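Since the structure comes first, as C-alpha cells, the remarks are kept for the end.
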Number of protein chains: 2
Amino acid sequence: MTINVGIIGFGTVGSGTARILIENRELIKDKTDITINLKKIADIDIERDRGISIPRSILTTNAEDILNDPDIHVVVELIGGIHPAKEFILEAIDRGKHVVTANKALLATEGAEIFRRADEKGVLVGFEAAVAGGIPIIKVIREALVGNRILSIYGIINGTSNYILTKMTDEGMDFKEALKKAQEHGYAEADPTFDIEGIDSAHKLTLLASLAFGIPLSYESIYVEGISEIASQDIEFAKELGYKIKLLAIAKRVDSEVELRVHPTMIPESYLISKVDGVLNAVYVVGDAVGETLYYGRGAGDMPTGSAVVSDIVDISTRIVGRCTPLSEYIGRQKEIRIRPVREIESMYYFRFSAIDRPGVLSKISGILGKHQISIASVIQKGRRVGEAVPLVLLTHKAKEADVQKALLEINQLDVVTGKTALIRVEGQED
Amino acid sequence: MTINVGIIGFGTVGSGTARILIENRELIKDKTDITINLKKIADIDIERDRGISIPRSILTTNAEDILNDPDIHVVVELIGGIHPAKEFILEAIDRGKHVVTANKALLATEGAEIFRRADEKGVLVGFEAAVAGGIPIIKVIREALVGNRILSIYGIINGTSNYILTKMTDEGMDFKEALKKAQEHGYAEADPTFDIEGIDSAHKLTLLASLAFGIPLSYESIYVEGISEIASQDIEFAKELGYKIKLLAIAKRVDSEVELRVHPTMIPESYLISKVDGVLNAVYVVGDAVGETLYYGRGAGDMPTGSAVVSDIVDISTRIVGRCTPLSEYIGRQKEIRIRPVREIESMYYFRFSAIDRPGVLSKISGILGKHQISIASVIQKGRRVGEAVPLVLLTHKAKEADVQKALLEINQLDVVTGKTALIRVEGQED
C-alpha cells in the first residue's frame, strides 16, 4: 500500500521531514508495510539547496498543486504563522485530505474551527510536531496514558528560553548577553518575543491541556509571564537556596478546576527536570495511575521535529489502510543483522586490581595492557602499605573486549596481583 | 461500543489493572467513546480483599471461564512465569481473542511462537507492560520513533538493582545490606536472582531490541552480568572519577551489527540517566532523526504497570472498533471544567526586595506579609550598607496569589522599599 504525501513549506522542518521520508523510506516500509511516497513539496523558494537529493519534478511554487492533487492523501503544513497556513489546512480538509501540522500558534488560537471542520469531514489532524519537537508528548498523553486521570503537567517546552536561563545559570551571563548568544547560535530569532515572553510555551500548553483534561482550547485563559525580567542576582539567590529557575508551562488539576500558567519557576535542584539544560525540552506528567513520568529530548530542529511529523504521517497512514496489524509486526523481520558477541565489542573499562604495593607493579600491569593495545586514561593508587595488597584502579581509553580479556588473564597471573580483578565497562565520551 | 475484557491473574498488576478499568471507566469512555467492560477475573485466590469494589460475580477460580467466554474480546494474562501462562495465551489466540500480557520472561523466551500464532489468527498481542512498567517505551519505539533508524538504547529497566545500587552509592551500604533493605521494602523477592543477576533486564532488552532493530527475539544471545559482584570500593572509586555505576541494558547498532548486553556500567555523573535513582526506571533512546531522547517513570507496581496494560487494552479496542477517530478527539469534551485564574492559585514564592538597609525593615515587610497570611520559610539578607538599598530575599511557605499581590502592593509603597520587587513562583515540596 502506498500513501501519497504533499508538504507545504520547505523550510527547516519541511527539509527534515523530506529527508526522513526519502532516506528512511525503505526502513519505514519494513516497519509498517506501508510505502510513504513524498509526492510534492511546495514552497515559494524551490531553488535553494537543502542538501537532500530529491527529484526536481516534485517541487512546486504553488500550494494548490498539492491541494488539487486527488492522489495526495496527507497534506503536511509546515509554513507556520496564521495566514495562509489556516486557509491551506481548511482547503485540504474540505477536499477530504488528512492534515499534519507543526503549527502550534495556529492550533492554539484557531484550532477549534480546524478540528471541527476535520471532524465533519472525517479526516485526521496530526500535531505531534507542534509540541516539544521530537518528544512524543501528544501520543503519550492521548494514548499511552489513556487510562490515567492526568493530575499535572510541567513542561520545559521552549528551547530558546531554556538556553538563555542555562547560560545565565552556568556562565553568569545576564539576560541580554545570553539572548545575544542564543541569537548568534540561531536558537533565538531576530524578534525573540514569542520565545522569551512565554507565548510559544503558552501555545503549546494550550494543546497539552486540552488533550490532558479534555477542556476546550484555552489560550486566552493562560497566565503568561516570560523570562526577560529575570535578573542575574535572582539566579544566584535561587542557587544559594538550592533551586534552579526554569520557564515552566504548568497545567494542574486542582479540585474540579485546572490551573494553566507559564512563568519562570524555581524548582529544587534535586528534581530531574531541573537538570534539563540548554535547548533541550522535557515534559513531566503525573497521572493518577502511572504516577510520575518524564519525557526528554530535542524540542526543535529539522530532524527531531521531522521525526514527529513522520510519526503522525505513519499513524494516519495506518488508519487509512485500516489494517489490524499485530503489535509485534517488526519483530524478526531483519534476519540478516548479526548480534555481535561481547568479545567483539569496544568499550572503555574500569579495572580494580588487588596488587602488592611494590615498585614496578604499575609498570608491569600497564606494560601488559599496552601490549594488547589498551591505553590508560586515569590511575588511582591509594593507601600505600609496602608489601601488602592495595587497590590499583585504572580507567582505560576505548579498547576491544577480547584484548581486555586476554590482558586480564596475563595480569591475573602476575604474582604481585592477589585476589580477583574487578572489571566494569564505562560509557560516555572519550576525553 | 463495548469491549469485554477478562483478566487471568489477580495479583499486584491484576489488581492495579482492575482498579483502573473500574475507577476510570467513565474517563476512558469520555476519551475514546469505548466502554471497556471488565467482565471476568480469574485467580486461584478470589477470597483475599484487594481493596477494590468489584462485584463478586465477576470472580472465578477457573481461567477457562474466560477463555471459553465467546463475548470476551481481550484476554489479559497477568500470572507471570512460563506455565500455564503460555498455554492460556495460546488458547486465547486460538479462540480468536486478542491478548495483553506483562510477561517479559515468557515473551523473551517463547515469544516467537506466540507472535507467529497470533499472526496466523489475525489477533493482537500487546505487551507494553512487559518493559519498564508505566513508561510507554514499546509505543515510543514502535510508533513515535517509527521514522527513525534506532541507533542505541540504554535502559535502567530493573528497579530492584537500581534501588540496591542507589543505596550503595548514597548511603555507603555494601551489596548484601542494600539487598536486605530492598527485600524489607518489598522491592526484591526472597529469591532475587532474576533481578540482581540481570536476567530480568535481559528479558526486557530482548523485546526492546527486536522492536527497535527488527531482529528475531534473541534472549540467548545477550551478554548478561549482574550487580552481585559490585564492591563498595568500586562505587567509591567511580564517584572519585566522576561516574556512577548503573545496571544498564544496552542495545547498540554498530556498523551492520547490533550489540546486546546487560552489565554494570559506569556512566558520567553529568548524564541525565545517571541521576535516575531508587526503584525508578528510565530508557535513553537515540534515533537517527530524533537524536537523544529519554523516558522516565515507575518500572513496577500495581498502578504504573496497570496503566500500561490499560493502554494496550484501549489500543486493541480502538482497532477492534475500527474507528477512524480524529487525533484531537478529547479536546473540548470537558466543558464543565473551570480554568482557575492565576489570582486564585496557591504557590510558594520567592521575593527579592530592594530595601534600604535600616533597622526594622525586615519586621515591617514580614509584618505586612503576615497580615496577609503569608509566612516566611527563609531569608537572605546580604551586603550591609547602612542607609543604602540592598537585596532582601524571602522564600515563603504556600500562600495565595491574591494575598501575595495585595501584600506586594502595600510593601512596594513603603518608603524603605526602592526599585521593583522580583517575584518568582516556587514549585516543590514544602519543608
Side-chain angles (χ1 to χ4, degrees), chain A residues 20 24 31 115 118-119 124 126 134 136 139 144 146-147 210 214-216 218 221 223 234 237 257-260 264-268 289-291 293-294 296-298 303-304 307 310-311 314 319 324 326-328 330-334 337-340 342 345 350 393 422 424-428, chain B residues 20 24 31 115 118-119 124 126 134 136 139 144 146-147 210 214-216 218 221 223 234 237 257-260 264-268 289-291 293-294 296-298 303-304 307 310-311 314 319 324 326-328 330-334 337-340 342 345 350 393 422 424-428:
Chain A
I20 296 169
N24 286 354
K31 290 187 182 181
F115 292 134
D119 226 12
L124 305 168
K139 182 176 276 287
V146 67
S210 285
I215 57 176
S218 313
S221 309
Y223 173 78
D234 294 321
F237 283 124
E257 302 183 351
V258 296
E259 290 177 11
L260 302 180
T265 312
M266 277 171 45
I267 25 182
V290 77
T293 61
L294 181 133
Y296 163 91
R298 304 208 160 263
M303 299 297 279
S307 168
V310 170
S311 105
V314 171
R319 295 183 191 207
C324 187
L327 297 183
S328 55
Y330 191 45
I331 292 178
R333 291 214 177 170
Q334 301 299 327
I337 300 179
R338 173 172 177 262
I339 295 163
R340 182 173 287 191
V342 74
I345 71 161
Y350 160 99
V393 169
I424 300 175
R425 295 171 192 84
V426 180
E427 289 290 330
Chain B
I20 297 169
N24 286 353
K31 290 187 183 181
F115 292 133
D119 226 10
L124 306 169
K139 182 177 276 289
V146 67
S210 285
I215 56 176
S218 312
S221 309
Y223 173 78
D234 294 322
F237 282 124
E257 302 183 349
V258 297
E259 291 178 10
L260 303 180
T265 312
M266 276 170 46
I267 25 182
V290 76
T293 60
L294 181 134
Y296 164 90
R298 306 209 157 261
M303 300 296 280
S307 168
V310 170
S311 104
V314 171
R319 295 185 189 207
C324 187
L327 299 183
S328 55
Y330 191 44
I331 293 177
R333 292 214 174 170
Q334 301 298 328
I337 299 178
R338 173 172 177 261
I339 295 163
R340 181 174 287 190
V342 73
I345 71 161
Y350 160 99
V393 168
I424 301 175
R425 294 171 194 84
V426 180
E427 288 291 329

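By convention in this document, chain letters (A, B, ...) are assigned in the order of the sequence lines, proteins followed by strands, and residues within each chain are numbered from 1. It should be emphasised that the depicted structure is a prediction, and the values quoted were computed from it without experimental measurement. In what follows, every heavy atom counts, from backbone to side chain, and hydrogens, waters and symmetry copies are set aside.
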For chain A, which of [options] has the most heavy-atom pairs under 4.5 Å?
options: B/Gly214, B/Gly428, B/Ala144, B/Gly147; result: B/Gly214
options: B/Val310, B/Ile20, B/Val393; result: B/Val393
options: B/Pro264, B/Gly297, B/Ser311; result: B/Ser311
options: B/Asp234, B/Thr265, B/Ile424; result: B/Asp234
options: B/Gly291, B/Pro216, B/Pro136, B/Ala289; result: B/Ala289
options: B/Glu259, B/Arg340, B/Met303, B/Lys139; result: B/Arg340

Is chain B contacted by the side chain of [X], its backbone, both, or neither, given a heavy-atom distance below 4.5 Å?
X: A/Tyr296; result: both
X: A/Ile267; result: both
X: A/Val146; result: both

Practice item. Identify which part of B/Val314 has an atom lying under 4.5 Å from any heavy atom of chain A, answering side chain, backbone, both or neither. Key: side chain

Review point. Can you tell which of A/Thr293, A/Asn24, A/Leu294, A/Val342 has the highest number of heavy-atom pairs within less than 4.5 Å of chain B?
Key: A/Leu294

Check your understanding: Can you list the residues that meet the side chain to side chain contact (heavy atoms under 4.5 Å, CB included) rule with B/Ser218, with sequence neighbours excluded?
Key -> A/Ile339, B/Ile215, B/Ser221, B/Leu260

**Study point:** For A/Arg298 against B/Val290, the heavy-atom pair lying closest together
**Key:** CG-O, 4.1 Å

Check your understanding: When rounded to the nearest 0.5 angstrom, what distance separates CZ in A/Arg338 from CD in B/Glu257?
Key -> 4.5 Å

